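Data block below; observations after.
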Amino acid sequence: MATERTPAGAFVIRNLAAVATPVGHEAVRGPAMRTLLTVENAAIAVADGRIVWVGRERDLPVEMAGFDEVDGELGTAVPGFVDSHTHLPFAGYRESEFNRRIHGETYTEIAESGGGIASTVRSTREASLDELAANVVRRARTMVEYGTTTAEAKSGYGLNFEVEMRQLEAIEMARADSPVRLVATCLAAHDFPPEVDRSKSKEREEWIEEIIGRILPEVRRRDLAKFCDVFVEKGVFGPEEGRRILEAGIANGLIPRVHADELSDSDSAAMAVEFGASSADHLMWISERGIKKLAKSSTVANLLPGTSFFLMSDRFAPARRLIDEGAIVSLSTDCNPGSSMTESMQIVMQLATLRMGMAAEEALTAATLNGAASLGIAATTGSLEAGKSADIVVIDAPGYLHLIYHFGVNLVSGVWREGVRVA
Ligand code: NIG
Ligand code: FE
C-alpha cells in the first residue's frame, strides 16, 4: 500500500533472479572489465526516473516497501545497452548489394561500381526531413525492443551542406518520439560526395573546405551535434586531411571520434589518441603501435564485430590484445545499410565473445558503461546504481550469461528508460 511519502512514479522491480552490472561513473579498462556486481534474488527501486536502490529483495529498505510493484518474473536485470556507433538517419536499403556480396563480390568492388556509401547518399538526398526522422524513430523502436536505451547517431549520407544538416535535424526531430536517448555526431567527413572526383586535389580540397568552413561552424551555431567523426582510410580521407577535420571540429566545440583502421592500417587509432578523441572505432587493422597508444589513453576502443560478420570477413578487431594491454573497450552495432544492418546489441555481444574472445562480463561492460563513457554520460547511465538514470533491461533468463549463451533470439522482456517503461 502506498504511503503519503511514496514519491509519484516510484516503483520496485521485485522477484528478479539476478542483477548484473558493471559499477562506476567512468570507463573501466583492462582486467577490471570482467568485474561485475551480481546480486541474486534481487530488486531494484526507482523514483523520479532514477535508481534509488539495488540489492537483495529481502533487504529492501522499509521506506520503499510501499512503492508500486513490478514483477521481474525471475528474469535478470542489466543496464540498458548503450550503442555508441550507428549511422541511423539513412534512407533506402542495400539488400541487392548484400545479395551480390553473398554471391562473391566484395564491398570494395561494389563501392567502385557506384554502390556502397554513394548509393545510400543518393537515397538519403531524396528523402525529406520527415522521412529521415521517421526512419530514425522506427529504428530506435527496434533498438529498444532489443534492450538499447541510448544510441549515438551519425550523419554522413548527405555529403553536402543541406543534407548533412537535414540528417542532424532528423535526429533532433526524432527525439520527441524516440524511446532511445539519441546523441548526435556530425560525420560529414564520411566520404567525398559522389559528384567529386577524389583523384583531383582541387576537388578534394573544395569538399574539405566545405566541411571545415561551413558545415562544422553551422553544426556548432545550431548545436546540432556533440561529436564530429572522420573516416580516415586509404581511398577516403588521408591522415593530414583527417587531422585538419578533427582540428576544425575541436575549434567548433565538437568532440572527436574516428573511424580508424577499419579496412587497412592507416595509423588512425594513434591519430584518435593524439586528438584526445572520445573513441577510435572499428580497428580491425590496428597495429601493435596503435594498440599500445590506445591502452595508455582514455580514448575508447569502440569495436563493431557486426561489421566483420556482415562483410563476411574473418578479420575481427583484436579485442583480447586491447583489453589485455589495458585499453578501454566498448561495443556497438555500427547500424547502417551497407556494412552492418542490425539494431541488436545482443548479437554484437554474442559476436564479441564467440569471435573476438571477449568474456561475457567484458562484453556486458563494453555494451553499457564503457559505451556510456565514450558518449560522455557514464556519470548518469551505463550501470545499475543508486543515483543513475533508471535505464534498465530485464531479460527472460536466470542470469546474464544467457545473453551470450542463448544466441540469436531476443531475450528482452522489459525496458525502462529514465524510469519510464519503453518496451
Ligand atoms: O562504419 N566506415 C565507413 N562507414 C560505414 C559503412 C557505410 C556504408 O557502407 O554505408 C561503416 O562501416
Ligand atoms: Fe561506422
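In this text the structure is predicted, and so the values were computed from the model without any measurement. Counting convention: from 1, in listed order, for ligands and their atoms alike.
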query: So which protein heavy atom does atom 12 (O) of ligand 1 come closest to, and at what separation?
result: Ser339 OG, 2.7 Å
field: Geometric class of the Phe98/Phe310 ring pair [parallel <30°, tilted 30-60°, perpendicular >60°]
entry: parallel
Atom name in Asp334, limited to N/O/S, at shortest distance from the Fe ion (ligand 2): OD1
task: Please work out whether the ring planes of His85 and His259 are parallel, tilted or perpendicular, with thresholds of 30° and 60°.
output: perpendicular
- request: Among all protein heavy atoms, pick the one closest to atom 11 (C) of ligand 1 and tell me residue, atom and distance.
  value: Asp334 OD2, 3.2 Å
field: For Tyr157, atoms of ligand 1 separated by under 4.0 Å from a heavy atom
entry: 7 (C), 8 (C), 10 (O)
message: Below 3.5 Å, N or O to N or O, backbone or side chain included: is there any such pair between Thr307 and ligand 1?
response: no
- prompt: If you draw a 6.0 Å radius around CG in Asn15, do more than 12 non-hydrogen atoms from other residues or ligands fall strictly inside?
  reply: yes
task: Enter the distance from Glu152:CD to Ile377:CD1 here, rounded to the nearest 0.5 Å.
output: 11.0 Å
query: Thinking salt bridges, do Glu206 and Lys200 make one under a 4.0 Å N-O criterion?
result: no
message: To make sure I understand the geometry: which N, O or S atom in His259 is closest to the Fe ion (ligand 2)?
response: NE2
query: Of all the heavy atoms in Phe90, does at least one lie under 4.0 Å from an atom in ligand 1?
result: no
Residues Glu361 and Thr35: side-chain donor-acceptor under 3.5 angstrom: no
message: Are there over 12 heavy-atom neighbours, none belonging to Lys293, within less than 6.0 Å of that residue's NZ?
response: no
- line: Phe231 heavy atoms within 4.0 Å reach ligand 1 at atoms 2 (N), 3 (C)
query: At a 4.0 Å cut-off, with the gap strictly under it, does some heavy atom of Ile117 reach an atom of ligand 1?
result: yes
message: Under a 4.0 angstrom heavy-atom cut-off, which atoms of ligand 1 come close to Arg94?
response: 8 (C), 9 (O), 10 (O)
- line: To atom 2 (N) of ligand 1, the nearest of Glu97, His190, Glu262 on a heavy-atom basis is Glu262
- request: Between Glu233 and ligand 1, find which residue part has any heavy-atom pair under 4.0 Å and reply side chain, backbone, both or neither.
  value: neither
message: Around atom CG of Asp71, are there more than 12 heavy atoms from other residues, nucleotides or ligands closer than 6.0 Å?
response: yes
task: Check each of Ser279, Ser278, Ser330, Ser374 against Asn302 using the side chain to side chain donor-acceptor pair (under 3.5 Å) test, and report the only one that passes.
output: Ser330
query: So, is Thr120 polar-close to ligand 1, with some N/O to N/O distance under 3.5 Å?
result: no
Shortest protein contact, atom 9 (O) of ligand 1 (heavy atom only): Tyr107 OH, 2.3 Å
